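Comments concern the structure below.
Positions are given from 1 along the sequence. Fair warning: this is a prediction, and the values are worked out from it, not measured in the lab.
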Amino acid sequence: MIERRDVFQAIADPTRRMIIHKLSQGPLNITQIGEDFGISKQAIAKHIKILHECGLIIMSQKGRQQVCEARLDELDQVTDWVTESRKLWNNRFEKLEAFLNNTQKQ
């Protein structure tokens with residue numbers, strides 16, 4: 001079975017969120033990305049692979065180095081989901097508030 005990855009899986013891990021944040025400042029190679037994490041280059045490479053599969057970063061070859069660049073527009077999927085969820089929960093809370101107000105008046 002092939003595992004499908006999406007933006008939500010990418011942002012579920014705090015290390016990947018930090019990598020996205022770091023890349024939001026500009027393109028970096030894998031060594032530069034891993035400088036602040038205190039984990040192996042292989043672990044960083046695995047996170048980079050997942051982010052790439054999720055479409056949050058693009059990779060290009062610059063000489064002997066692979067350079068990663070963030071595709072922040074892909075995070076719009078998260079924004080859309082949060083917006084829809086907020087509407088749903090606000091509607092539910094309004095209904096609950098109306099119910100509680102009616103209950104208290106009786």
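The cluster map of Ile, Leu, Val, Met, Phe, Trp and Tyr, joined by side-chain heavy atoms under 4.5 Å apart, puts Ile58 and Val7 in different clusters. Residues Ile50 and Leu56 are members of separate hydrophobic clusters, defined by side-chain heavy-atom contacts under 4.5 angstrom among Ile, Leu, Val, Met, Phe, Trp and Tyr.
Rounding to the nearest 0.5 angstrom, the gap separating the CH2 atom in Trp89 from the CD atom in Glu94 is 13.5 Å. Taking NZ of Lys87 as the reference point, atom CG of Asn91 lies at 11.0 Å (rounded to 0.5 Å).
A heavy-atom distance below 4.5 Å is found between the side chains of Ile48 and Met59.
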Please set out all donor-acceptor pairs under 3.5 angstrom arising from side-chain atoms of residues 70-77, sequence neighbours excluded.
from  : atom 1 : to    : atom 2 : distance (Å)
Arg71 : NH1    : Gly55 : O      : 3.4
Arg71 : NH2    : Glu74 : OE2    : 3.3
Glu74 : OE1    : Gln77 : NE2    : 3.3

What side-chain donor-acceptor pairs closer than 3.5 Å can you find for residues 30-44, not counting sequence neighbours?
from  : atom 1 : to    : atom 2 : distance (Å)
Gln32 : OE1    : Asn29 : N      : 2.8
Asp36 : OD2    : Lys22 : NZ     : 3.1
Ser40 : OG     : Ala43 : N      : 3.0

Please list, one pair per line, the donor and acceptor atoms closer than 3.5 Å that link side chains of residues 11-21 to other protein atoms, with sequence neighbours excluded.
from  : atom 1 : to    : atom 2 : distance (Å)
Asp13 : OD1    : Thr15 : N      : 2.8
Asp13 : OD1    : Arg16 : N      : 3.2
Arg16 : NE     : Ala10 : O      : 3.1
Arg16 : NH1    : His47 : ND1    : 3.3
Arg16 : NH2    : Gln9  : O      : 3.1
Arg17 : NH1    : Ile11 : O      : 2.6
Arg17 : NH1    : Ala12 : O      : 3.4

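The side-chain contact (heavy atoms from CB on, under 4.5 Å) test applied to Ser60 returns Lys62, Val67, not counting sequence neighbours. Annotation: side-chain contact (heavy atoms from CB on, under 4.5 Å) contacts of Arg86 (sequence neighbours excluded): Val82, Asn90. When the side-chain contact (heavy atoms from CB on, under 4.5 Å) test is applied to Thr79, the partners found at least two apart in sequence or on another chain are Thr83.
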